Amino acid sequence: MDSYKLLITGGIPLMGETYVSGGKNTSVAVIPAILLSDEPCTIENLPDIEDVHVLVDILRDLGAKVDFDGRERRITVDPRGVNTHTVPYRQSKRMRASYYFLGALLGRCGQADVGYPGGCTIGNRPVDQHLKAFRALGAEVEERGAIISAKGKMMGAGVFFDKITVGGTINAMLAAAKAEGNTILYNAAKEPHIVDLANFLNSMGAKVKGAGTDTIRITGRPHLHGSVYTVIPDQIETGTLMIAAAATRGDVTIHGCIPTHMEALTAKLLEMGVQVTDTDDAIRVRTVRGHRAVNIKTQEYPGFPTDLQQPMSALLTKAGGDSIVIETIFESRFKHLNEMRRMGARVQILDQTAIIEGVSELYGAPVTATDLRAGAALVVAGLMAKGTTEIYEPGFIERGYEHIEEKLRSLGADIRREPVEAKTDN
Ligand code: EPZ
């Protein structure tokens with residue numbers, strides 16, 4: 001249990017300018033990819049978040065020399081000292097993206113023993129497509145207790161994903177980058193961080209083509225060299241800040257983002273009556289009148305992202321009319337709405353569909369974050385509500401949002417921490 005809770009007193013329109021940090025889901029793929037290099041690599045614009053700290057711990061355990069400066073948002077990793085292919089469950093369970101060490105170590109040395117990943121409990125999250133790709137590339141894969149064990153010389157192959165998977169696509173790219181021969185990934189994910197990983201691999205001398213389309217072609221290269229690379233800004237943090245600005249009927253400009261990554265959200269906000277304008281690397285969000293209800297269906301990129309469904313559905317609880325939200329990616333991503341019922345939200349949940357009846361007010365209440373984006377949704381809810389909302393387990397939010405409290409405070413939000421007293425059960 002976290003030792004502190006977040007207190008948010010809502011009703012204050014967010015005003016001013018802020019910036020977006022480097023992407024979480026791209027950083028957690030690019031950092032393990034350094035293991036494929038024969039030389040040190042430097043990654044810049046990293047977010048200073050818990051998931052990055054966990055990756056640093058794992059790399060050091062593997063024997064890599066890591067120089068991480070959170071304030072400078074830069075990491076330099078020298079992989080030459082890596083002397084094991086094992087990531088124990090004790091470390092892997094700390095985050096989802098630990099499974100990228102499977103692809104990265106297989107690509108590096110043809111062998112990987114990695115514990116099952118942890119991460120947000122938002123559904124079953126199987127890894128069958130990752131394992132299918134490793135097997136297609138020539139690995140023998142065994143699941144033993146808490147460990148996934150894969151071994152074999154990587155040989156280029158065709159892999160047709162039965163389901164579009166971000167993690168599976170990334171793991172296959174990592175395993176194939178140094179394989180002998182050509183690999184083609186069909187029905188690949190198209191998220192911006194897939195393109196970013198391809199750009200990073202290519203900056204090390206890899207030959208990856210087609211990232212951002214559903215067919216990725218990789219010509220394996222035996223050696224990859226060092227690189228200095230800057231990761232793209234966080235699409236989901238940008239979206240969360242856009243939603244928070246709309247939710248408080250504020251006027252916020254977010255700098256350092258990529259507006260074209262935000263098109264699905266921007267379209268929905270415009271449909272709600274929110275004003276959204278953009279330049280090359282900034283988005284301004286303003287609300288001048290009431291919000292209309294809208295329907296949302298989550299989809300793979302470029303559709304509406306599941307990671308923004310939670311903050312967006314929090315926003316819809318106060319829209320004029322009924323909204324229908326269909327979550328198609330994960331089975332269990334409405335827990336924040338159950339918490340928000342205590343704040344006055346009117347919601348019916350039927351499997352993966354939520355019917356949200358807009359109310360005119362939400363009221364502050366104690367709520368608990370159950371995962372990263374649920375936490376972000378509850379922050380949005382707290383900012384919109386009358387009175388003070390107490391968010392328990394806010395540590396989830398820190399896993400993915402850099403300095404979120406400071407950023408929101410700089411826009412005028414009343415958000416603060418308070419210690420939670422340890423309670424002894426009788
Ligand atoms: C990534 O998760 C992100 N995580 C998630 O971010 C994000 O929600 C998700 O992609 C979708 O965009 C990281 O990048 C670390 P998937 P991932 O494989 O890779 C099913 C956040 O809040 N599937 O694209 O685990 C799976 O169950 C989060 O930042 C299989 O069936 O997602 C899901 O229904 C949480 N078999 C769907 O595919 C597989 O082998 C998409 O999952 C793999 C996935």
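We use all heavy atoms of the structure for the numbers below, so side chains are in, but hydrogens, waters and symmetry mates are not. Bear in mind that the values here come from a model prediction, so they are computed numbers and not experimental data. Each ligand, and each atom within it, is numbered from 1 in the order the structure gives. Sequential numbering from 1 along the given sequence is applied to the chain's residues.
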Looking only at protein heavy atoms, which one is nearest to [atom], and what is the separation?
| atom | value |
| --- | --- |
| atom 38 (O) of ligand 1 | Lys163 CE, 3.1 Å |
| atom 11 (C) of ligand 1 | Thr306 CG2, 3.8 Å |
| atom 42 (O) of ligand 1 | Phe330 CZ, 3.9 Å |
| atom 28 (C) of ligand 1 | Asp307 OD1, 3.5 Å |
| atom 36 (N) of ligand 1 | Asp128 OD1, 2.8 Å |
| atom 29 (O) of ligand 1 | Arg373 NH2, 2.7 Å |
| atom 15 (C) of ligand 1 | Asn25 OD1, 3.7 Å |

List, one per line, each side-chain donor-acceptor pair under 3.5 Å for residues 208-215, sequence neighbours excluded.
unit_1: Thr213; atom_1: OG1; unit_2: Gly210; atom_2: O; d: 2.7
unit_1: Thr213; atom_1: OG1; unit_2: Thr215; atom_2: N; d: 3.2
unit_1: Thr213; atom_1: OG1; unit_2: Thr215; atom_2: O; d: 3.0

Just jot down the ligand 1 atoms closer than 4.0 angstrom to any heavy atom of [X], in number order.
| X | value |
| --- | --- |
| Tyr99 | 17 (P), 19 (O), 25 (O) |
| Arg125 | 2 (O), 17 (P), 25 (O), 27 (O), 35 (C) |
| Gln129 | 36 (N), 39 (C), 40 (O) |
| Gly167 | 18 (O), 19 (O) |
| Ile122 | 35 (C) |

| query | So among Ile194, Ile184, Thr183, which one has a side-chain contact (heavy atoms from CB on, under 4.5 Å) with Ile216? | reply | Ile194
| Residue of the set Asp322, Val294, Leu337, Asn295 for which side-chain contact (heavy atoms from CB on, under 4.5 Å) holds with Leu316 | Val294
Would you say [X] touches ligand 1, if touching means a heavy atom closer than 4.0 Å?
| X | result |
| --- | --- |
| Glu331 | no |
| Pro126 | yes |
| Arg333 | yes |
| Ile329 | yes |

| Result of checking Glu406, Glu390, Glu405 against Arg417 for salt bridge (charged side-chain N to carboxylate O under 4.0 Å, His left out) | Glu405
| said: Check this for me, if you would: do Asp67 and Lys65 make a salt bridge, where the nitrogen-to-carboxylate-oxygen distance has to be below 4.0 angstrom? | reply: no
| query | What residue among Asp307, Thr121, Thr370, Thr298 forms side chain to side chain donor-acceptor pair (under 3.5 Å) with Arg333? | reply | Asp307
Determine whether the side chains of [X] and [Y] contain a donor N or O and an acceptor N or O closer than 3.5 Å.
| X | Y | answer |
| --- | --- | --- |
| His193 | Asn25 | no |
| Tyr401 | Asp234 | no |
| Asp371 | Gln310 | yes |

| message | In terms of relative ring orientation, are Tyr301 and His261 parallel, tilted or perpendicular, with 30° and 60° separating the classes? | response | perpendicular
| remark: Any heavy atom of Thr165 under 4.0 Å from ligand 1? The part involved is both
| said: I want to know if ligand 1 touches Val166 in the polar sense, i.e. an N/O pair below 3.5 angstrom. | reply: yes
| message | I'd like to check the side-chain contact (heavy atoms from CB on, under 4.5 Å) partners of Thr368; sequence neighbours left out, ordered by chain and number. | response | Glu339, Tyr392, Glu393
